[in-house]
Amino acid sequence: MSTAKLIYEGQEIELPVVEGSEGEIGIDISRLRRDTGLITLDPGYGNTGSCRSAITFIDGEKGILRYRGYPIEQVANNASFTEVCHLLIHGERPNAGQLDRYRSELTRHTLLHEDMKKFFEGYPPSAHPMAILAAMVASLSTFYPDTPEEMDLNIIRILAKSKTLAAFAYKKSIGQPFIYPRNDLSWTANFLRMMFAVPSETYEVSPVLEEALNLLLILHADHEQNCSTSTMRMVGSSEANLYASISAAICALWGPRHGGANQRVIEMLEGIAAEGGDLERFLSRVRSREVLLMGFGHRVYKNFDPRARLLKAAADRIFDELGIHDPLLDLAKRLEEAALRDEFFIDKKLYPNVDFYSGIIYRAMGIPTEMFTVMFALGRLPGWIAHWKEMREDSSGYRIHRPRQIYTGENLRKFE
Ligand code: SDX
């Protein structure tokens with residue numbers, strides 16, 4: 001095993017070096033404080049590996065993303081979202097029999113307890129659906145207590161019920177009656193029907209929308225230790241229950257620097273269009289740090305986010321298939337081109353991320369802007385669960401997540 005040396009005040013400390021299966025090197029400082037009294041300082045955790053994980057691999061310099069070893073491009077083109085849930089959570093692709101059983105388990109548990117419908121009544125119509133989703137997911141713990149024996153069943157329950165909760169939150173916001181799940185439909189078709197059907201009319205699920213939703217869910221399914229997944233692990237490390245941990249992850253995702261960016265991208269594009277579409281004026285506001293270019297930049301990718309590439313290509317195809325033309329798509333493409341030519345973005349290695357094109361596709365699908373981050377949450381659910389489960393089942397155990405700090409406040413003083 002190779003080691004790294006740290007020299008501090010004449011004392012030489014040897015630290016073990018660990019290597020991941022893709023050659024990523026890390027200095028293991030887990031005994032640093034015990035042996036030396038020192039801690040490390042890394043605000044924003046840009047240099048900190050918080051765990052070992054076998055779920056998702058990203059090479060941000062090369063623009064590579066793999067789920068359990070499979071390139072995202074191949075998964076996106078060949079898998080169903082249900083298959084990806086199995087892959088991420090259980091580590092392997094299901095065989096045909098396993099997939100059938102998994103599908104039927106995921107459909108058997110789509111109904112909500114009837115009493116939960118009353119919770120929706122209390123929210124004002126203007127309530128953001130992310131607030132409703134987070135509250136409802138936490139509320140599931142009151143109906144389905146989290147015990148170690150029921151862990152697998154509760155994972156199925158949340159995967160199945162989350163789409164019902166999301167669709168009900170939308171129906172509540174537009175004042176329409178809830179549409180109950182229909183269990184002969186696929187995950188995606190069932191969700192689309194609960195979102196868009198109305199009781200008095202027949203609703204045929206469009207295969208174009210189903211395919212588009214499948215792609216979007218898969219592309220959002222996991223992204224290693226991002227803010228919401230780290231929240232999931234953080235909360236889970238206190239042994240809070242599965243639903244509470246997911247609810248916390250949903251809240252973390254909501255922020256505009258994370259999943260909430262997809263909503264902000266559309267609002268930004270609408271703002272630019274409303275002011276006459278002057279891209280140079282907008283980019284000069286970004287350069288002067290007045291605003292951020294939403295949907296751009298990433299902590300890990302210093303090259304194209306492969307998901308953004310796939311979504312850009314999919315946007316053209318989906319718009320063609322739906323026979324839709326959205327001037328915001330043209331504006332987004334022009335904005336991307338202008339930013340990629342601009343020295344400010346070149347110097348800082350800022351490229352479009354997953355949120356740049358996703359909202360434009362959701363919009364074409366008829367999904368309202370306020371639901372975009374809910375859509376991200378539905379896609380990210382298997383990733384959060386996979387990480388929570390990986391931590392809980394780690395044979396070497398896990399400790400409560402509890403960073404230290406460098407105290408910079410007052411020294412001892414008297415309170416008289
Ligand atoms: C997601 O982590 C994940 O994996 C997340 C995610 C997932 O799947 O889970 O990929 C999903 O959250 C995508 C990101 C969505 N957020 C946005 O699109 C919001 C806009 N982007 C940024 O706020 C920012 O780029 C972050 C939050 C995404 C990343 O933040 P970092 O890693 O802390 O980078 P930084 O803020 O330190 O940026 C480095 C420099 C800074 O300038 P300097 O101080 O060095 O001069 O680049 C600038 C930043 O000001 N910068 C931007 C910018 N993003 C970074 N300037 C203008 N517009 C931007 N979008």
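Ligands are counted one by one from 1 in listed order, and the atoms in each one are counted from 1 as well.
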Without hydrogens or angle criteria, can the side chains of Asn47 and Asp42 be said to hold a donor-acceptor pair below 3.5 Å? yes

Using a strict threshold of under 4.0 Å (side-chain N to carboxylate O), is an ion pair present between Glu83 and Arg103? no

Please write down residue, atom name and distance for the protein heavy atom closest to atom 13 (C) of ligand 1. Asp355 OD2, 3.5 Å

Polar contact flag, side-chain donor to acceptor under 3.5 angstrom, Ser186-Thr188: yes

Does a side-chain N-to-carboxylate-O contact under 4.0 Å join Glu150 and Arg157? yes

May I ask you to decide whether Glu239 forms a salt bridge with Arg392, counting only side-chain N to carboxylate O separations under 4.0 Å? no

Decide whether an N or O pair under 3.5 Å exists between Val354 and ligand 1. no

Atoms of ligand 1 under 4.0 Å from any heavy atom of Phe296, numbered from 1 in the order shown, are 18 (O), 20 (C), 21 (N), 22 (C), 25 (O), 54 (N), 59 (C), 60 (N)

Ranked by distance from atom 17 (C) of ligand 1, the top protein heavy atom is Ala261 CB, 3.5 Å

Minimal non-hydrogen separation, Thr3 against Pro16, with atom names: CG2-CA, 4.2 Å

Would Leu292 count as a polar contact of ligand 1, with the cut-off being nitrogen or oxygen pairs under 3.5 Å? no

Please confirm whether Pro256 comes under 4.0 Å of ligand 1, counting heavy atoms of the residue only. yes

So that I can tick it off, tell me whether Arg52 and Asp394 are bridged by a salt bridge, with the cut-off set at under 4.0 angstrom between side-chain N and carboxylate O. no

Cation-pi check for Phe344 against Lys348: NZ or CZ below 6.0 Å from the six-membered ring centre and within 45 degrees of the axis, yes or no? yes

Should Cys227 be counted as touching ligand 1, given the test is an N or O pair under 3.5 Å? no

Non-hydrogen protein atom less than 4.0 angstrom from atom 32 (O) of ligand 1: yes

Can a side-chain donor-acceptor contact be found between Arg93 and Gln98 if the only test is distance below 3.5 angstrom? no

Could you list the atoms of ligand 1 found under 4.0 angstrom from a heavy atom of Leu350? 47 (O), 51 (N), 52 (C), 53 (C), 54 (N), 55 (C), 56 (N)

Identity and separation of the nearest protein heavy atom to atom 2 (O) of ligand 1: Asn226 CB, 3.5 Å

To the nearest 0.1 Å, how far is atom 34 (O) of ligand 1 from its closest protein heavy atom, and which atom is that? Arg299 NE, 4.8 Å

Using 30° and 60° as the class limits, which term best fits the ring planes of Tyr301 and His223: parallel, tilted or perpendicular? tilted

Taking atom 10 (O) of ligand 1 as the reference point, the nearest protein heavy atom with its distance: His298 NE2, 2.7 Å

Got the closest protein heavy atom to atom 12 (O) of ligand 1, with its distance? His258 ND1, 2.7 Å

Under 3.5 Å between some N or O of ligand 1 and some N or O of Arg257? yes

OH/Tyr407: more than 12 non-hydrogen atoms of other groups inside 6.0 Å: yes

Is atom 21 (N) of ligand 1 less than 4.0 angstrom from at least one protein heavy atom? yes

Sub-4.0 Å protein heavy atom next to atom 59 (C) of ligand 1: yes

Looking only at protein heavy atoms, which one is nearest to atom 18 (O) of ligand 1, and what is the separation? Gly295 N, 2.8 Å

Tell me the protein heavy atom at minimum distance from atom 43 (P) of ligand 1, and give that distance in Å. Lys348 NZ, 3.6 Å

Less than 3.5 Å between some nitrogen or oxygen of Arg289 and one of ligand 1, yes or no? yes

Atom 53 (C) of ligand 1 touched by protein heavy atom at under 4.0 Å: yes

Phe57 six-ring face occupied by Arg66 cation (under 6.0 Å, within 45°): no

Counting from 1 in the order shown, the ligand 1 atoms closer than 4.0 Å to a non-hydrogen atom of Phe344 are 56 (N), 57 (C)

Considering only NZ, NE, NH1 and NH2 on the basic side and carboxylate oxygens on the acidic side, decide whether Asp59 and Lys302 come within less than 4.0 Å. no

Give a yes or no on whether atom 39 (C) of ligand 1 lies under 4.0 Å from any heavy atom of the protein. no

Based purely on interatomic distance, does Lys302 place a nitrogen or oxygen under 3.5 Å from a nitrogen or oxygen of ligand 1? no

